[in-house]
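The sequence lines fix the lettering, A, B, ..., with proteins before strands; numbering per chain opens at 1.
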Protein chains: 2
Amino acid sequence: MDAIDHILKQWARERPDLDTGPMGLIGRLTRLRAHLSREMEKTFSRFGLNSASFDLLATLYRSGEPYALQPGMLAQTMLITSGTMTNRIDQLVKTGLVERRRSEEDRRSVAICLTEAGKALISEAVEAHVATQHTLVAGLSEKDRDQLTALLGTYLAMFEADQA
Amino acid sequence: MDAIDHILKQWARERPDLDTGPMGLIGRLTRLRAHLSREMEKTFSRFGLNSASFDLLATLYRSGEPYALQPGMLAQTMLITSGTMTNRIDQLVKTGLVERRRSEEDRRSVAICLTEAGKALISEAVEAHVATQHTLVAGLSEKDRDQLTALLGTYLAMFEADQA
DNA sequence: CGAATTTATCTTGACGTCAAGATTTATATA
DNA sequence: TATATAAATCTTGACGTCAAGATAAATTCG
């Protein structure tokens, strides 16, 4: 019995005409994400980061040498606006974890690069983050975990075709 | 092939020591929620609402007569802080969709009540929202939908025991 | 009864995000 | 070549959220 069960019961009483099947799915997904995010933020804050700054550093890190990507490309893969991206970069530049390098070929363009400090920090933070994620799924059986991952993949693919 | 597949491949190349199984699950869930929320916000904005104000009005509405609950109770069920709750209420009071009624028995306490206008609006908005949710899950087979809902329920229950 | 604690709500200040638009540079078209 | 269009990034102002603390009323208990 979770909070969504309670909500669906209320709807059934007040508005029995509504088919709340989809709400059961989407509601649980939304609420689960809130719980998971809250826990993961704790790990990030141990490294002086939040999910936004962690995500940016991690994206640069996993892109491999030379650990440099453009703001526009980053914003697109992170599903955020360009203004938000500028702000995120500003914060990380202030703390010395990334730096901006203007491009020579296209002078509109900028490369965001991990500094040595940034690389060292994110390398550690990622390990802690992966450990946290392990504990967060530990309550599920391996079978449930695999099934859930597969179903979420099927669903997500409907919103994100061809992002290979 | 979704965006998470791409991310996991990068991690496998850069940090093959990390077990990213849980990341596949949590990453897809997080990203899916972002897509779903973005779509649902469109419906809310048609009624001059956002997900926050919709959620508050809907919570009052589905609680049934007399469509009145206390801020603290609302904040708890919505997983938000009391300060955020105050702000949300302020907005809805300004637009005349809810009103504050001080309690007679406990003068620290306030009841947040749907106005007639608020009830009329949320009644309509809920119908549109349910319709949107239907289209958002329409791509999944009924079997997948049921399985996914059940698995999310199992998982969510680990964070929300005994909220009947 | 009276002091300490708890409860319910609101206030403040900082922060992250977005939409819309500004700026600068590159590219396409006539 | 000149003009228009497109692309990449940044700026601005508004908004929602949170953490921490303030305020006020109720409750506990010595």
Mind listing the N/O atom pairs, protein and nucleotides 26-28 of chain C, below 3.5 Å?
| residue | atom | partner | partner atom | Å |
| --- | --- | --- | --- | --- |
| C:dA26 | OP1 | A:Arg107 | N | 3.2 |

Which whole-number value in Å describes the distance from [X] [atom1] to [N] [atom2]?
X: A:Phe44; N: C:dG16; atom1: CZ; atom2: C1'; value: 15 Å
X: B:Glu41; N: D:dC15; atom1: CD; atom2: C1'; value: 12 Å
X: A:Arg101; N: D:dT9; atom1: CZ; atom2: P; value: 15 Å
X: B:Leu79; N: D:dT17; atom1: CG; atom2: C1'; value: 13 Å
X: B:Lys42; N: C:dC18; atom1: NZ; atom2: P; value: 14 Å
X: B:Met73; N: C:dT7; atom1: CE; atom2: P; value: 17 Å
X: B:Ile80; N: C:dA8; atom1: CD1; atom2: P; value: 16 Å
X: B:Leu49; N: D:dC15; atom1: CG; atom2: P; value: 15 Å

Compare the minimum distances between each of [options] and the side chain of [X], then state the nucleotide with the smallest one.
X: A:Ala52; options: D:dC18, C:dT17, D:dG16; result: C:dT17
X: B:Arg88; options: D:dA8, C:dG16, D:dT17; result: D:dT17
X: A:Gln70; options: D:dC18, D:dG16, D:dA8; result: D:dA8
X: A:Asn50; options: D:dG16, D:dC18, C:dG16; result: C:dG16

Could you run down the sub-3.5 Å N/O contacts of the protein with nucleotides 10-13 of chain C?
| residue | atom | partner | partner atom | Å |
| --- | --- | --- | --- | --- |
| C:dC10 | OP1 | B:Arg100 | NE | 2.8 |
| C:dC10 | N4 | B:Ser82 | OG | 2.7 |

Do you know the tightest heavy-atom contact between B:Leu92 and B:Ser53?
CD2-CB, 3.8 Å

Tightest non-hydrogen contact, residues B:Tyr67 and B:Tyr61, listed as CE2-O, 3.3 Å

Go through the structure and list residues passing side-chain contact (heavy atoms from CB on, under 4.5 Å) with A:Ala34, not counting sequence neighbours.
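Applying side-chain contact (heavy atoms from CB on, under 4.5 Å) to A:Ala34 gives B:Leu79.
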
For the pair B:Glu39 and B:Lys42, find out whether any cationic side-chain nitrogen is under 4.0 Å from an anionic carboxylate oxygen.
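Salt bridge between B:Glu39 and B:Lys42, a charged N being under 4.0 Å from a carboxylate O: yes.
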
With a 6.0 Å cut-off (strictly less than), is the heavy-atom count around CD of B:Glu127, excluding the residue itself, greater than 12?
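Enclosed.
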
Report the C-alpha separation of B:Glu99 and B:Thr115 in whole Å, then their side-chain angles, then the decisive distance to 0.1 Å, and conclude whether the side-chain hydrogen bond (donor to acceptor under 3.5 Å, both in side chains) test is met.
CA-CA 7 Å; B:Glu99 56 187 24; B:Thr115 62; over 6 Å; no

Apply side-chain contact (heavy atoms from CB on, under 4.5 Å) to residues A:Tyr155 and B:His35 and explain how you reach the verdict.
CA-CA 11 Å; A:Tyr155 198 0; B:His35 288 293; over 6 Å; no

Can you tell me if A:Gln10 and B:Ser63 form a side-chain donor-acceptor pair at under 3.5 Å?
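Side chains of A:Gln10 and B:Ser63: no pair found under 3.5 Å.
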
Taking A:Thr20 for its side chain and A:Leu8 for its backbone only, find out whether a donor-acceptor pair lies under 3.5 Å.
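Not a single qualifying donor-acceptor pair exists.
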
For A:Ser109 and C:dT25, is the shortest distance between a side-chain N/O and OP1 or OP2 below 4.0 Å?
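No, no such contact exists.
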
